[in-house]
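All values below were derived from every heavy atom in this structure, side-chain atoms included, with hydrogens, water molecules and symmetry-related copies excluded. Start at 1 with the first residue, then count along the sequence.
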Amino acid sequence: MSMDHHEKNMTEYETCEDSNGINHVKENKKEHKCAENELIEKEEEKPVISLKNISFSYHSRKGETSALKNISFDVYDREFICLVGPSGCGKSTLLSMLAGLNRPESGEIQMYGKTTGYMLQRDYLLNWRNIYDNAALGLEIRHKKTPETEGRLKKMLGDYGLADFLKKRPSELSGGMRQRVALIRTLALEPDLLLLDEPFSALDYQTRLDVCDDVANIIKKEGKTAILVTHDLSEAISMGDRILMLSGRPATVVREIRITFSDGPLTPFQKRKAPEFNAYFTELWRELKNCQKLPAGE
């Protein structure tokens with residue numbers, strides 16, 4: 001995206017204290033100096049992923065359905081991007097293109113040597129294999145199961161609280177623990193980029209909050225770049241560095257919001273209680289409702 005587009009669509013918030021000592025959230029109107037400085041730094045830094053004018057349509061006997069139209073954005077190293085938008089707007093379609101499962105009809109995706117790992121909505125753990133063997137499945141399929149990679153896998157399982165469950169079956173684990181195993185299975189192949197397609201959608205609310213913290217911590221600790229597709233605005237605000245709002249079909253990027261919190265670093269759960277959180281949520285909700293009112297493609 002050009003700098004002009006960023007300046008037009010970027011919004012940040014700051015907190016201020018009144019004479020009674022009460023904190024309020026207001027939109028940062030200081031010519032967005034902090035945001036602009038960050039953007040200048042990003043302009044100087046080379047993106048690890050670049051999408052330029054991506055368009056895609058589905059074809060059937062009944063005709064053509066346009067899914068994506070002129071999607072353009074960059075992703076930078078160790079950045080956490082969240083894609084949100086109306087249901088069925090093409091978020092998962094875009095993610096599948098980044099994974100190489102679909103090709104755009106027009107436009108260009110440049111990955112700059114990045115390898116990808118794809119985490120789906122379900123954990124797809126195999127109940128006839130124990131937890132360790134499930135976590136090692138990708139290494140087996142890729143013929144990368146060596147003493148070195150197994151040692152790294154065992155360390156990750158231990159670091160993230162699964163050392164005592166290696167011989168258990170998936171049916172013996174909670175939903176949150178299963179998702180942790182699925183993420184470690186993906187990380188075992190050492191991808192540079194993680195693509196997360198609503199990986200928490202099948203979890204109950206309390207487990208979802210816990211797993212969001214776990215996953216964000218693991219991704220940060222492992223130094224990965226990540227792109228998350230979610231319908232949950234709160235989830236996007238609490239996990240993302242930057243949020244891209246897609247319109248209804250055919251999807252275009254209608255808004256980009258950089259997420260910053262004055263009291264960082266914070267966990268995703270802590271961000272939900274921060275004063276800036278409600279302002280971000282209100283803006284995203286308003287934009288989402290506008291997208292749903294507009295005719296597709298406008």
**Asked** Applying the 4.5 Å side-chain criterion to the ILVMFWY set and letting contacts propagate, would L203 and V229 be lumped into a single cluster?
**Response** no
**Message:** So, using salt bridge (Lys or Arg N to Asp or Glu O under 4.0 Å) as the criterion, who are the partners of D123 when residues are at least two apart?
**Reply:** R178
**Prompt:** To the nearest 0.5 Å, how far apart are CD1 in I141 and CZ in R185?
**Reply:** 8.5 Å
**Item:** Cluster overlap L95 with M111, hydrophobic side-chain contacts below 4.5 Å
**Value:** yes
**Request:** Could you give me the CA-CA distance, side-chain angles and deciding distance for S55 and L68, then say whether side chain to side chain contact (heavy atoms under 4.5 Å, CB included) is met?
**Result:** CA-CA 5 Å; S55 295; L68 305 172; 5.5 Å; no
**side chain to side chain contact (heavy atoms under 4.5 Å, CB included) partners for R78, two or more places apart** = none
**Request:** Would you check if D241 and I81 make a side-chain contact, meaning some heavy-atom pair closer than 4.5 Å?
**Result:** no
**Message:** Let me confirm one number: the CZ-CE distance from F56 to M97, rounded to the nearest 0.5 Å.
**Reply:** 4.5 Å
**Prompt:** Rounded to the nearest 0.5 Å, how far apart are CG of D133 and CD of E140?
**Reply:** 6.5 Å
**Complete:** Heavy atoms of K91 and L83 approach each other most closely as CD-O, 3.6 Å
**Prompt:** At their closest point, which heavy atom of P250 faces which heavy atom of S66, and how far apart are they?
**Reply:** CB-OG, 3.2 Å
**Request:** Report the residues that fulfil side chain to side chain contact (heavy atoms under 4.5 Å, CB included) with T146, sequence neighbours left out, ordered by chain and then residue number.
**Result:** E148, T149
**Prompt:** Of the non-hydrogen atoms in I71 and V253, which two are nearest, and what is the gap between them?
**Reply:** CD1-N, 3.9 Å
**Asked** Applying the side-chain contact (heavy atoms from CB on, under 4.5 Å) test to V211, which of Q206, Q179, M177 qualifies?
**Response** Q179
**Asked** Among I243, L228, D232, which residue meets the side-chain contact (heavy atoms from CB on, under 4.5 Å) test with V84?
**Response** I243
**Prompt:** To the nearest 0.5 Å, what is the distance between CG (D74) and OG (S50)?
**Reply:** 4.0 Å
Cut-off 3.5 Å, no hydrogens considered: what does the side-chain donor-acceptor table look like for residues 156-172, sequence neighbours left out?
unit_1 : atom_1 : unit_2 : atom_2 : d
D159   : OD2    : K155   : NZ     : 2.8
Y160   : OH     : E222   : OE2    : 2.9
R169   : NH1    : W128   : O      : 2.6
S171   : OG     : N127   : OD1    : 3.3
E172   : OE2    : R169   : N      : 2.8

**Request:** Can you see which heavy atom on T225 is nearest to which on Y76, and at what distance?
**Result:** CG2-O, 3.6 Å
**Message:** Counting C-beta onward and ignoring hydrogens, is there a side-chain heavy-atom pair between F73 and I54 closer than 4.5 Å?
**Reply:** no
**Fill in**
Between E198 and H231, the two heavy atoms sitting closest are OE1-ND1, 2.9 Å
**Item:** Residue pair N70, T252: steps toward the side-chain hydrogen bond (donor to acceptor under 3.5 Å, both in side chains) verdict
**Value:** CA-CA 6 Å; N70 295 328; T252 61; over 6 Å; no
**Heavy-atom side-chain proximity of V181 to L173 below 4.5 angstrom** = yes
**Stepwise side chain to side chain contact (heavy atoms under 4.5 Å, CB included) test for Y58 and R249** = CA-CA 12 Å; Y58 289 103; R249 285 189 173 184; 3.9 Å; yes
**Test item: E79 and K224 side chains (from C-beta on) under 4.5 Å apart, heavy atoms** = no
**Prompt:** Any side-chain heavy atom of L288 within less than 4.5 Å of one from P86?
**Reply:** yes
**Asked** Is the NZ or CZ atom of R122 positioned over Y124's six-membered ring, under 6.0 angstrom from the centre and within 45° of the axis?
**Response** yes
**Message:** Hydrogens and angles aside, do D210 and T207 bring a side-chain donor and acceptor to less than 3.5 Å of each other?
**Reply:** no
**Request:** Kindly work out whether a path of hydrophobic side-chain contacts (I/L/V/M/F/W/Y, heavy atoms less than 4.5 Å apart) joins L153 to L126.
**Result:** no
**Request:** Can you sort out the partners of N102 under side chain to side chain donor-acceptor pair (under 3.5 Å), two or more places apart, ordered by chain and number?
**Result:** S96
**Message:** Any donor-acceptor pair under 3.5 Å linking the side-chain atoms of T230 with those of E235?
**Reply:** yes
**Request:** Please check if V75 and M119 belong to a single hydrophobic cluster, counting links between Ile, Leu, Val, Met, Phe, Trp and Tyr side chain heavy atoms closer than 4.5 Å.
**Result:** no
**Request:** Would you check if E108 and Q110 make a side-chain contact, meaning some heavy-atom pair closer than 4.5 Å?
**Result:** yes
**Request:** Give the C-alpha distance, both sets of side-chain angles, the deciding distance and a yes or no for side chain to side chain contact (heavy atoms under 4.5 Å, CB included) between M245 and I257.
**Result:** CA-CA 8 Å; M245 173 72 73; I257 301 177; over 6 Å; no
**Request:** Assess the side chains of E276 and S262: does a donor N or O sit below 3.5 Å from an acceptor N or O?
**Result:** yes
**Prompt:** Hey, is R255 close enough to E287 for a salt bridge, meaning N to O under 4.0 Å?
**Reply:** yes
**Item:** Interatomic spacing from CG in L94 to SG in C89 - rounded to 0.5 Å
**Value:** 9.0 Å
**Message:** Once rounded to the nearest 0.5 Å, what's the spacing between atom CG of L246 and atom OG1 of T93?
**Reply:** 10.5 Å
**Prompt:** Would you say L194 and L183 make side-chain contact, with heavy atoms under 4.5 Å?
**Reply:** yes
**Cluster overlap I49 with Y118, hydrophobic side-chain contacts below 4.5 Å** = yes
List the atom pairs, donor and acceptor, that lie under 3.5 Å between side-chain atoms in residues 212-221 and the rest of the protein, sequence neighbours left out.
unit_1 : atom_1 : unit_2 : atom_2 : d
D213   : OD1    : F269   : N      : 3.0
D214   : OD2    : R180   : NE     : 3.4
D214   : OD2    : R180   : NH2    : 3.4

**Message:** Apply side chain to side chain contact (heavy atoms under 4.5 Å, CB included) to residues D77 and Y112 and explain how you reach the verdict.
**Reply:** CA-CA 11 Å; D77 191 39; Y112 300 106; over 6 Å; no
**Message:** When you measure from the centre of the six-membered ring of F277, is the NZ or CZ of K271 closer than 6.0 Å and no more than 45° off the axis?
**Reply:** no
**Fill in**
For N134 and R129 the tightest heavy-atom approach is ND2-O, 2.9 Å
**Message:** Could you tell me if the side chain of R242 sits less than 4.5 Å from the side chain of L244, heavy atoms only?
**Reply:** yes
